[in-house]
Engineer: 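My questions all concern the structure below.
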Amino acid sequence: MKQLSSSSCFAVVGQSVPEAPIISVVDVTMCFPLVKRYREMLLHPFHPRRMHTALSRATIKIQEGDRVAVMGPNGAGKTTLLKLIGGLILPTMGDIVVNGFSTIHHSADARKSVGFVLNEERSFFWRLTGAQNLEFFGALDNLGGADLRSRIDELISLVGLEEGAGRVVEGYSSGMKQRLALARGLIADPRVLILDEPTRALDPIAADEMIDLILSRIYSDTRKTLLIATHRMDEALKLCNKVLVIDKGRIQAFDSISDLKRDRITLPQYYRRALAVGCV
C-alpha cells in the first residue's frame, strides 16, 4: 500500500476530497467456539472449548454505490463477513463502520442502514399473503399506518409482484419468493443491500429476469450499495463492478472488474489466482 506523506493529509485547492466509504472494515477477526466432542467432554470436562477463526484480520473499504461480488469456496468466511457488516454478529476484534455508525458502539443505527435478502424459503409466513408478510416485517422495523401501506405498494410495484401481492406465499414460485425477498430487504429503505445468491434455485429465464430486476429497477432507481454473495461468474460480471475473494477466513483479493478487463484478466483466472497464491 502506498504511504502518504504528511502533506497528503490536506486538501489541495481545486481538488475534491474523497468521500468516506459507506462500509469500512478495519482489522476484523471473528472467532467461534467449537462444540466439544463427546470424548473431550468425558476426558477434559473443564478444559476451555477450542476456537475456530472464521475471519482473520480483514480490512476493506467499500464506497457508496459499489456493487461488490463476494466470492469464495463454501466455508471461506463470506457469510461471516456479511453478517458482521449487517450487525447480526459482533467481531471478536476490530471495528466495522456502516454509514458512519460503528456496529459495536452504535449497533442499532448501523443495522438500520443494511437490508438483507436471504435465499431461504422458511423466511416467510407461508399462510400469509405477500402484502401481509411485508406488513409484518415493516412493523418489525417500526413502520406503520399509511406510510407503511404506501411503502408496500411502492415496493410491490418496484419488484413486479402486483399480481401476487394478494396471494398466500405458499403458492408462490421460486421467482416470486425472490421478488418478495427483495421487497422485504428494501422495506426500511436501507443504504446497503446484502443479497445471498439471488438467483440460486431459479431456472435460467427466471435468473435472467432477477438479474435484470436488480440492475434496471433496484440499482438504477435507488443507487444502493450492493453486496452480492455468489458462486456464479456470469452473475458477478452482469451485476457487479467489483469482486471480493475470500478464502480460509482471509480477504485474498479485491479489485474492480474494469481493471481486470483492462489488464485482460478473466474473472475465472482472477479467482483461481486469488485462491492459489492469496493475492493477485
Side-chain angles (χ1 to χ4, degrees), residues 1-4 8 16 18-30 53-85 94 96 98 117 119 192-202 204 207-216 218-220 223-280:
M1 183 177 292
K2 187 177 179 181
Q3 196 145 15
L4 296 177
S8 301
S16 59
E19 293 184 5
I22 185 75
I23 299 168
S24 179
V25 178
V26 181
D27 205 22
V28 165
T29 294
M30 186 69 209
T53 302
L55 202 65
S56 178
R57 307 295 297 269
T59 296
I60 189 171
K61 296 184 186 298
I62 296 173
Q63 300 298 322
E64 186 163 20
D66 275 348
R67 293 166 284 128
V68 181
V70 182
M71 308 187 74
N74 290 330
K78 302 186 300 295
T79 300
T80 298
L81 176 63
L82 296 178
K83 285 183 176 180
L84 285 164
I85 291 172
I96 301 170
V98 180
V117 179
N119 197 334
V192 177
L193 192 63
I194 294 176
L195 299 100
D196 180 22
E197 298 187 58
T199 63
R200 186 177 64 184
L202 298 182
D208 285 343
E209 290 175 349
M210 180 57 59
I211 289 172
D212 183 64
L213 170 63
I214 294 170
L215 280 180
S216 65
I218 306 301
Y219 183 75
S220 178
R223 291 292 167 179
K224 297 188 184 300
T225 302
L226 304 180
L227 303 181
I228 304 173
T230 180
H231 290 289
R232 293 180 49 182
M233 303 285 179
D234 61 329
E235 184 174 286
L237 289 171
K238 290 177 182 177
L239 284 175
C240 302
N241 71 324
K242 293 183 179 179
V243 59
L244 168 69
V245 181
I246 304 178
D247 187 31
K248 298 174 182 156
R250 294 183 178 274
I251 294 177
Q252 304 288 37
F254 181 48
D255 284 289
S256 72
I257 290 176
S258 62
D259 284 346
L260 302 189
K261 292 179 178 178
R262 183 197 63 206
D263 296 335
R264 298 183 179 180
I265 301 172
T266 67
L267 186 54
Q269 289 173 333
Y270 178 83
Y271 181 77
R272 281 193 286 267
R273 290 183 193 179
L275 297 186
V277 300
C279 63
V280 174

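Throughout, residue positions are numbered sequentially from 1 according to the sequence presented.
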Engineer: Check M71 against V243 and note the closest heavy-atom contact, atom names and distance.
Structural biologist: SD-CG2, 3.8 Å

Engineer: Please determine whether side chain to side chain contact (heavy atoms under 4.5 Å, CB included) holds for the pair L195 and I214, giving the CA-CA distance in whole Å, both sets of side-chain angles, and the decisive distance to 0.1 Å.
Structural biologist: CA-CA 10 Å; L195 299 100; I214 294 170; 3.8 Å; yes

Engineer: Taking the side chain as every heavy atom from C-beta outward, state whether L260 and Q269 have any pair of such atoms under 4.5 Å apart.
Structural biologist: no

Engineer: Sub-3.5 Å donor-acceptor pair from the side chain of K78 to the main-chain atoms of G72, do we have one?
Structural biologist: yes

Engineer: Hey, is the main chain of R57 close enough, under 3.5 Å, to the side chain of T29 for a donor-acceptor pair?
Structural biologist: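 Checking the backbone N and O of R57 against the side chain of T29, a donor-acceptor pair under 3.5 Å is found.
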
Engineer: State, with a plain yes or no, whether a side-chain heavy atom of E235 is found less than 4.5 Å away from one of M210.
Structural biologist: no

Engineer: Hey, what do you get for CG (L239) to OG1 (T199), rounding to the nearest 0.5 Å?
Structural biologist: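 Nearest 0.5 Å value for the CG-OG1 distance: 8.0 Å.
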
Engineer: Could you check whether any side-chain heavy atom of Y219 comes within less than 4.5 Å of a side-chain heavy atom of L193, counting everything from C-beta outward?
Structural biologist: no

Engineer: Do L227 and L81 come close enough that some side-chain heavy atom pair is under 4.5 Å?
Structural biologist: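 A side-chain contact under 4.5 Å is absent here.
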
Engineer: Taking atom CD1 of I246 and atom CD1 of I60, what is their separation to the nearest 0.5 Å?
Structural biologist: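 So the gap between those two atoms works out to 7.5 Å.
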
Engineer: State, with a plain yes or no, whether a side-chain heavy atom of I265 is found less than 4.5 Å away from one of R273.
Structural biologist: yes

Engineer: Is any side-chain heavy atom of T59 closer than 4.5 Å to one of I251?
Structural biologist: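 Not touching, per the 4.5 Å side-chain cut-off.
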
Engineer: Just by distance, do the side chain of T225 and the backbone of G65 share a donor-acceptor pair under 3.5 Å?
Structural biologist: yes

Engineer: Using side-chain heavy atoms (C-beta onward) and a distance below 4.5 Å, is H231 in contact with N74?
Structural biologist: yes

Engineer: Side-chain contact, heavy-atom cut-off 4.5 Å: P73 with D247?
Structural biologist: yes

